[in-house]
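Naming: A, B, ... by sequence-line order, numbering from 1 per chain. All of these numbers come straight from a predicted model, not from anything done at the bench.
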Number of protein chains: 2
Amino acid sequence: MTTQGASLFQPVRRSRVSTDIVRQIQDLIAAEHLQPGDRLPGERELADALSVSRQSVREALRVLDYLGVVVVRPGEGTFVATTPPSPVDASLYSLLSERSFLLDLLEARRILEEGIVHLAARRATRDDLDTLETALAARETALAAGKHDVAGDLTFHTQLAELTGNPVLASAMRHFGEMWLRSREKTGRRPTSPHKALQFHRQILQAVRRRQPVAARRVLRRHLDDMRADIEG
Amino acid sequence: MTTQGASLFQPVRRSRVSTDIVRQIQDLIAAEHLQPGDRLPGERELADALSVSRQSVREALRVLDYLGVVVVRPGEGTFVATTPPSPVDASLYSLLSERSFLLDLLEARRILEEGIVHLAARRATRDDLDTLETALAARETALAAGKHDVAGDLTFHTQLAELTGNPVLASAMRHFGEMWLRSREKTGRRPTSPHKALQFHRQILQAVRRRQPVAARRVLRRHLDDMRADIEG
DNA sequence: TCGGACTGCTGGTCTGACCAGTAATCCACA
DNA sequence: TGTGGATTACTGGTCAGACCAGCAGTCCGA
């Protein structure tokens, strides 16, 4: 028996019940048996159906909650999250549900996005701008028709980051955006008026198109300040 | 009651016990009261110390387990993970070994850190500054003695981010720092002269201490520009 | 028609219990 | 003397049952 190298035997893996449940629910969502917004069975019912205790179910739901896979609303139930899950810095997880976190996040966004919009105004290609223009127009017509999706407003910001051509900035903006959505979901905050947001987006795009980095940055700042005012109420 | 605009009231947010526990333990680890490899008190003991039920403790540990913050070994106990979780955006992973990535990263750092240093100069408490001062002095004497660790230069930047009091900024800076180290490792780039770096750090700290946000930002920019010159060289 | 009480659901928490695995100790037997 | 097997006290894993507070639909009376 050597101490080095691959052992012939694998350690017996006693899986934890809660881990199995996490995987089962994730599979159900992946297979689209559970759609975003769907309500899961109650904890008691789930425990019964799985022949496990409610405690194990709760441990699983706690993990799925952290992962952003589900949203738990006391008194109502547990629902499949509408915003797709993505990793959020572990050290920030427990802060997501606090309003002050939204303000911290906004401060960080302001720093990052001021730089982004400045670069975008200098670097965006004509193709980039046309793409952004098309997307913005589509959102405007959709809104006029009464349709509006919450996550969509953020898309403009991430698209803006994309066209700096800097993948690090784009990645950071996506992360901030995801945290933004999840935190807003957890804090139960209503989104800002989509009309106002679209107006700001339109102005930013104009400034970027005209290659006016300073003006673009100014409008961006007004946009985020406006959002902050909403949060601070 | 209008449907548009900011509501006067915010939904009351009752935090979950397990969430509090998650944060407490993370804080203890961040404050280094708990070191990697340390054994946490048993679940029962923990519950008793926190005046909560074992179930709540378990839900918290389950989350920390999933985050990779702790490792749970049945029959033995729960331990602080030795390798702290350090997620690097999957979409960036393949770029780490390219030199252009270092430049992109540096551009992103410049945007972020200019904002950070500006805030730090306005917000840092005297205690914060003393801590930073001590750390810097220690590095200076170590360098004079011929000792120098590569990752250490970054520490100054992350510490600076910490004392903005904004956990989002601190987290983002840590991420950028990790990518920086890993990318520099992969590209095989030699670090900038530690002497130069320390001089810049000393200047930045002075500006922050004197509450001169603009000056601090200017030095920071020179520091990063200097690093860029090294990379492009 | 409207508003409040009622009722049954939900998740949040606590308690106490038992199981299985670890590890250190102790003791009997070779 | 030394080795190996019980003992024992811990650990996390799981279960069951209970109570609370908040949500929502129902029903009834003013």
Side-chain angles (χ1 to χ4, degrees), chain A residues 9-25 34 37-82 93-94 96-98 185-190, chain B residues 1 7 9-25 34 37-81:
Chain A
F9 301 98
Q10 295 304 316
V12 176
R13 196 184 208 73
R14 287 169 303 280
S15 68
R16 203 152 27 194
V17 173
S18 63
T19 306
D20 281 354
I21 303 176
V22 167
R23 193 174 39 74
Q24 276 203 46
I25 294 179
L34 285 174
D38 279 1
R39 186 176 173 288
L40 269 65
E43 295 181 354
R44 293 162 181 82
E45 194 179 341
L46 216 42
D48 202 51
L50 295 163
S51 296
V52 299
S53 72
R54 198 180 151 209
Q55 159 138 347
S56 297
V57 170
R58 280 186 60 79
E59 290 180 16
L61 291 180
R62 199 84 311 102
V63 170
L64 290 169
D65 180 28
Y66 148 73
L67 292 175
V69 174
V70 302
V71 175
V72 180
R73 284 197 282 271
E76 296 179 56
T78 304
F79 303 83
V80 178
T82 51
Y93 165 69
S94 55
L96 282 178
S97 55
E98 295 179 16
E185 199 165 350
K186 278 186 184 265
T187 53
R189 294 211 53 81
R190 291 296 87 213
Chain B
M1 192 71 156
S7 151
F9 300 99
Q10 295 304 317
V12 177
R13 213 65 204 173
R14 285 168 304 281
S15 69
R16 209 161 11 205
V17 172
S18 62
T19 306
D20 281 353
I21 302 175
V22 167
R23 180 164 40 220
Q24 277 203 46
I25 295 179
L34 285 174
D38 279 1
R39 186 176 172 288
L40 269 63
E43 295 181 355
R44 294 162 179 82
E45 194 179 340
L46 215 42
D48 201 52
L50 295 164
S51 295
V52 297
S53 73
R54 196 179 153 210
Q55 157 137 349
S56 296
V57 170
R58 279 186 60 79
E59 290 181 16
L61 291 180
R62 197 68 37 252
V63 169
L64 289 169
D65 182 24
Y66 239 84
L67 294 175
V69 174
V70 302
V71 175
V72 179
R73 286 199 281 270
E76 298 181 55
T78 304
F79 304 82
V80 178

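In this model, the phosphate group of D:dC23 is not approached by any side-chain N or O of A:R73 to a distance below 4.0 Å at OP1 or OP2. Distances shorter than 4.0 Å separate some side-chain N or O of B:S56 from OP1 or OP2 on C:dC14. In this model, the phosphate group of D:dG12 is approached by a side-chain N or O of B:T78 to a distance below 4.0 Å at OP1 or OP2. Dashed line: the shortest gap from a side-chain N or O of A:R54 to OP1 or OP2 of D:dA16 is not under 4.0 Å.
In this structure, B:R62 places its CZ atom 17 Å from P of C:dG12, rounding to the nearest Å. In this structure, B:F79 atom CZ and C:dT22 atom P are separated by 13 Å, rounded to whole Å. Protein atom CG of B:D20 is 11 Å distant from nucleotide atom P of C:dC14, rounded to whole Å. Separating the CG atom of B:L46 from the C1' atom of D:dC10 is a distance of 16 Å, rounded to the nearest angstrom. A:D65 places its CG atom 12 Å from the C1' atom of C:dG11, with the value rounded to the nearest Å. Taking atom CG of residue B:L50 and atom C1' of nucleotide C:dT13, one finds them 14 Å apart after rounding to whole Å. The CD-P distance, from B:E59 to D:dG13, rounds to 13 Å in whole Å. For B:R16 and D:dG22, the CZ to C1' distance is 15 Å, given to the nearest whole Å.
A salt bridge is absent between A:E45 and A:R54; no separation between the charged side-chain nitrogens and carboxylate oxygens falls under 4.0 Å.
For A:S53, counting side-chain heavy atoms from C-beta on, the closest listed nucleotide (D:dT14, C:dT10, D:dT11) is D:dT14. Comparing atom distances between the A:E45 side chain and each of D:dG13, C:dT13, C:dT10 picks out C:dT10 as nearest. When the nucleotides D:dT14, C:dC14, C:dG12 are ranked by their closest atom to the side chain of A:P74, C:dG12 comes out on top.
Between B:D65 and A:R16 there is a side-chain heavy-atom pair separated by less than 4.5 Å. Residues A:L61 and B:E59 fail the side-chain proximity criterion, which asks for heavy atoms closer than 4.5 Å. The side-chain heavy atoms of B:V80 and B:V69, taken from C-beta on, include no pair separated by under 4.5 Å.
Note on A:Q55: a base of the nucleic acid sits closer than 4.0 angstrom, heavy atoms only. If you check every strand for non-hydrogen atoms under 4.0 Å, B:E76 touches sugar and phosphate atoms only.
Between B:R39 and A:V52, the residue anchored closer to the 5' end of DNA chain D is B:R39, taking for each the nucleotide with the nearest heavy atom.
For C:dG11, the base has a donor-acceptor partner in the side chain of A:R44 [N/O atoms by modelled type, under 3.5 angstrom].
Judged by distance alone, the side chain of B:R62 and the main-chain N or O of A:S56 form no donor-acceptor pair under 3.5 Å.
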